[in-house]
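As the structure is a prediction and not an experimental result, all values here were calculated from the model. Both counts, for ligands and for their atoms, begin at 1 and track the order of listing.
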Amino acid sequence: MIELDKVIVRNVKMELKSPFTTSFGTFFEKEFLLLEAIDKDGVSGWGESVAFPSPWYIEETVRTNEHMLQDFLLPSLLKQPIAHPDEVSERFAPIRRNNMAKSAIEGAIWDLYAKKNGVPLYQALSGEKTEIDVGISIGIEETVKDQLNVIEKAVGDGYKRIKLKIKPGWDVDILREVRKNFPNTPLMADANSAYSLKDLEHLKQLDEFDLTMIEQPLAHDDIIDHAILQKAISTPICLDESIHTLEDTRKAVEMGSCKIINIKIGRVGGLTQSKKIHDYCKEQGIPVWCGGMLESGVGRAHNIALTTLSQFILPGDTSSSSRYWEQDIIEPEVIAENGVIKVPDRVGIGYEVNRETIERFTAATKIYQA
Ligand code: OSB
Ligand code: MG
């Protein structure tokens with residue numbers, strides 16, 4: 001039984017080493033909620049909300065997450081114990097969407113559960129791999145030269161694939177230039193919903209670059225137009241923003257809207273739902289990979305644990321801590337060496353949180369008592 005004593009919700013701000021630009025805007029720093037669930041025996045489990053301060057990626061924000069946690073999600077967990085983390089998403093089922101808020105506390109409960117059972121989180125999830133292959137997501141730079149330099153460093157670091165952010169006006173020409181300089185590097189592009197079917201002829205030009213996939217070219221809430229686009233291009237489409245549930249996944253796969261799924265734990269409401277989507281994709285022969293949201297070490301640790309499941313065939317976005325942070329909030333920090341992360345075998349998320357560092361980065365703290 002997991003009987004919670006309290007949940008501490010910290011509002012954390014971490015400086016990014018350098019700005020990160022997508023089709024929808026630029027991140028200069030990372031503000032997020034860090035959750036610590038403490039049970040009656042004093043054991044702590046850690047979770048991270050991947051909601052950003054502004055709703056430009058999907059609709060959730062740091063503040064909507066605070067609201068949902070405070071008024072709905074935490075009260076339902078604090079008043080009644082649970083036997084297994086799978087029950088968290090069941091208990092949250094009457095509450096529509098708000099998946100990032102749900103996932104933040106569910107992740108903390110999974111960590112707590114694994115610690116209480118004396119096992120690493122990846123084993124609690126039935127993960128199989130002891131090391132995972134990872135890629136890197138690279139933001140839009142101001143000049144072609146800058147973009148090529150950043151890619152060159154990432155290739156030198158050994159990442160297994162390079163993901164480039166694209167947008168109208170920064171797509172075909174830059175990809176041609178990148179391909180010319182890196183003819184054999186596994187390359188993909190992420191549009192973060194910057195196009196529509198009006199751009200269909202334009203997007204066909206991407207087929208010449210041998211991309212492993214194009215991620216979320218069309219609207220954040222679309223699966224219909226993506227099916228039309230997928231029929232017109234040979235580059236596999238991967239859906240990110242459009243996938244919030246197993247049902248979204250089933251519909252996208254059945255309609256032929258994509259050939260690959262990006263699973264982000266926060267976007268789909270937690271690890272239990274991520275596993276369900278993973279299992280369905282495995283049955284269907286659809287490759288999956290784990291997306292990133294500029295996470296701190298706690299979120300990274302959850303991504304690593306999930307990626308140990310067998311259908312995570314393609315390298316994900318979980319790069320080294322040092323790709324974004326001067327100092328991460330976990331110890332040791334996450335290290336990808338030649339594009340490989342060794343899965344930690346300590347209990348729970350497998351990394352120690354550094355409470356002093358967390359304290360330094362915390363702007364506000366709220367405590368919710370059972
Ligand atoms: O679409 O995958 C995305 C970052 C912020 C918002 C959306 C996305 C991303 C990334 C970064 O691509 C991935 C990472 O390194 O964490
Ligand atoms: Mg994406």
[X], any N or O under 3.5 Å of ligand 1 N or O:
X	value
Asp240	yes
Arg300	no
Lys163	yes
Ser319	no
Thr22	no
Leu294	yes

Of all the atoms in ligand 1, which lie at a distance below 4.0 Å from a heavy atom belonging to Lys264?
-> 1 (O), 2 (O), 3 (C), 7 (C), 8 (C)

Just jot down the ligand 1 atoms closer than 4.0 angstrom to any heavy atom of Ser137, in number order.
-> 10 (C), 11 (C), 12 (O), 13 (C), 15 (O)

Applying a heavy-atom cut-off of 4.0 Å, say which part of [X] lies close to ligand 1: side chain, backbone, both or neither.
X	value
Thr318	neither
Asn192	side chain
Glu215	side chain
Asp190	side chain

Between Asp240 and Arg267, is there a salt bridge with N-O shorter than 4.0 Å?
-> yes

Would you call Asp317 and Arg300 a salt bridge, using N to O less than 4.0 angstrom?
-> no

Rest of the hydrophobic cluster containing Met188 (Ile/Leu/Val/Met/Phe/Trp/Tyr, side-chain heavy atoms under 4.5 Å)?
-> Met213, Ile260, Trp289, Leu314

Applying ring-ring contact (aromatic ring centres under 6.0 Å, His included), name anything that partners Phe182, two or more places apart in sequence or on another chain.
-> none

Would you name the heavy atoms of Pro53 and Val62 that are closest together and state the gap between them?
-> N-CG2, 3.7 Å

Ile243, Val253, Ile277, Leu239 screened by side-chain contact (heavy atoms from CB on, under 4.5 Å) with Asp248, the one that passes | Ile243

Heteroatoms of the protein, restricted to N/O/S, which lie under 2.8 Å from the Mg ion (ligand 2) | Asp190 OD2, Glu215 OE2, Asp240 OD2

Do me a favour and list the nearest non-hydrogen protein atom to atom 14 (C) of ligand 1 with residue, atom name and distance?
-> Tyr324 OH, 3.4 Å

More than 12 heavy atoms of other groups within 6.0 Å of Glu352 CD | no

Out of Lys165, Met293, Gln216, whose heavy atom sits nearest atom 9 (C) of ligand 1?
-> Lys165

Answer yes if Ile313 and Leu187 sit in the same cluster of Ile, Leu, Val, Met, Phe, Trp and Tyr residues linked by side chain heavy atoms under 4.5 Å apart, and no otherwise.
-> no

Pairs where residues 225-236 contributes a residue and the test side chain to side chain donor-acceptor pair (under 3.5 Å) is met, not counting sequence neighbours = Asp207-Ser234, Asp207-Thr235, Asp222-His226

